2 protein chains.
Amino acid sequence: MLSKKTKYALKALINLAGQPPDEPVLISELARLEQIPRKFLEAILLSLKNAGLLQSKIGKGGGYFLAREPRNISIGSIIKVLEGGYAPVQCLNASNNPGCDECNDFSTCGIRLVMTDVMQAISSVLETTTLADMVERSDNAKQANANVVDFNI
Amino acid sequence: MLSKKTKYALKALINLAGQPPDEPVLISELARLEQIPRKFLEAILLSLKNAGLLQSKIGKGGGYFLAREPRNISIGSIIKVLEGGYAPVQCLNASNNPGCDECNDFSTCGIRLVMTDVMQAISSVLETTTLADMVERSDNAKQANANVVDFNI
DNA sequence: ACAAATGTCTATTTATTCTATAGACATTAA
DNA sequence: TTAATGTCTATAGAATAAATAGACATTTGT
């Protein structure tokens, strides 16, 4: 289950995706628009910047903007920053692998073997879907709604 | 990420899958074998029973046993009991749908639209993989290990 | 050089969820 | 009738997530 933090991050990025990259957006502006606690959002944006997904400009006229085009930012890469990966069990996270407490034999653990398949399935979606796709799908849905309204009128 | 509770449940069920259904296993025995806190396991097994995955017998000679064959118990059905589903966002959980706090428009939420795909991918694995599959994969891995040992000797 | 605007960083608090434990109770078999 | 066993309710403890506070550093424009 995505944490609130991750959802906040996605919302902020969706917002920034609709903004020209030469017009930085203020943290406080983003917080207000997306209804995210300002200080909490600060920390989120900083993580995204440290991960190379965002850039920032300090001082007057500063703010945040996307480091690359929305179609070059996968949803998976975003989630990895906020949640540290999307493995259904700890022992499948590539690096920092402390293994599972409950597991006596890593190599034959049935849970891990099945969860490897699950993770693969998740990956295949998250790695191929981009921020641009997410925005596009939302826009399409809005368009569809608008058409229904037109029809009813 | 699967909770410890869910992993305990899977371990207990794997154990019971290797047991003839007419020989109930004691909670305390399961707890000892799988190294699960006894009282915690009690609650877990009870949930699984209430969900119809396990049956129990009270009194001397009693204990727990699978309600049906391992090949008829999907991993998804197990996870649903312990985690209440496997939706990556709350608003995708079929029933008890309180929606997401952060979402102003359900129908056009890009996060939900993308996460629907993710959930579908997870489903396709969890609904088609059974307890029997999980046991089998573990057994295969054990066999493979054994062969390597034989070869080395 | 200065002041205002803005992001950066560290620490702390509060809330929520997960994990674990305790003990009384109900049921069955011998 | 008694011992063995699962059932139920309540609570405590630990870990994690969410939110807040305030001092600091950097840039821009005058």
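The shown structure was predicted, so the numbers you read here are calculated from the model rather than taken from an experiment. Below, chain A is the first sequence line, B the second, and so on; all start at residue 1.
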Measure from the side-chain heavy atoms of Glu42(B) and tell me the nearest of dT6(C), dC8(D), dT20(D).
-> dC8(D)

Interatomic distance, Met1(B) CE vs dC18(C) C1' [rounded to whole Å] | 14 Å

Looking only at dA18(D), dT6(C), dT21(C), the nucleotide nearest the Phe40(B) side chain is dT21(C)

Going by atom types alone, do Thr108(B) and Asn145(A) pair a side-chain donor with an acceptor below 3.5 Å?
-> no

Any side-chain N or O of Ser56(B) under 4.0 Å from OP1/OP2 of dT7(D)?
-> yes

Would you indicate, yes or no, if dT2(D) has its OP1 or OP2 atom less than 4.0 angstrom from a side-chain nitrogen or oxygen of Lys60(B)?
-> no

Regarding the side chain of Tyr64(A), the nearest nucleotide among dT19(C), dG7(C), dG6(D) is dG7(C)

Glu127(B) and Lys80(B) ion-paired at < 4.0 Å = yes

Using atom CD1 of Ile58(A) as one end and atom P of dG7(C) as the other, report the distance to the nearest whole Å.
-> 8 Å

Which whole-number value in Å describes the distance from Leu41(A) CG to dT8(C) C1'?
-> 14 Å

Using distance alone, with no hydrogens and no angle criterion, decide if Asn72(A) and Thr130(A) have a side-chain donor and acceptor under 3.5 Å apart.
-> no

The nucleotide from dA18(D), dT8(C), dT28(C) with an atom nearest the side chain of Ser3(A) is dA18(D)

Against the side chain of Lys4(A), the closest entry in dA21(D), dA18(D), dT28(C) is dA18(D)

Between dA29(C), dG6(D), dT27(D), which nucleotide gets closest to the side-chain atoms of Ile27(B)?
-> dG6(D)

Would you say a side-chain N or O of Lys49(A) is under 4.0 Å from OP1 or OP2 of dT8(C)?
-> yes

Listed nucleotide nearest any side-chain atom of Leu46(B), set dT8(C), dC8(D), dT19(C) | dC8(D)

Please determine, for the side chain of Pro37(B), which listed nucleotide (dA22(C), dA29(C), dA20(C)) has the closest atom?
-> dA20(C)

Which part of the nucleic acid does Leu45(A) contact within heavy-atom distance under 4.0 Å: base, sugar-phosphate only, or nothing?
-> nothing

Atom-to-atom span, OH of Tyr8(A) to P of dT20(D) - whole angstrom | 9 Å

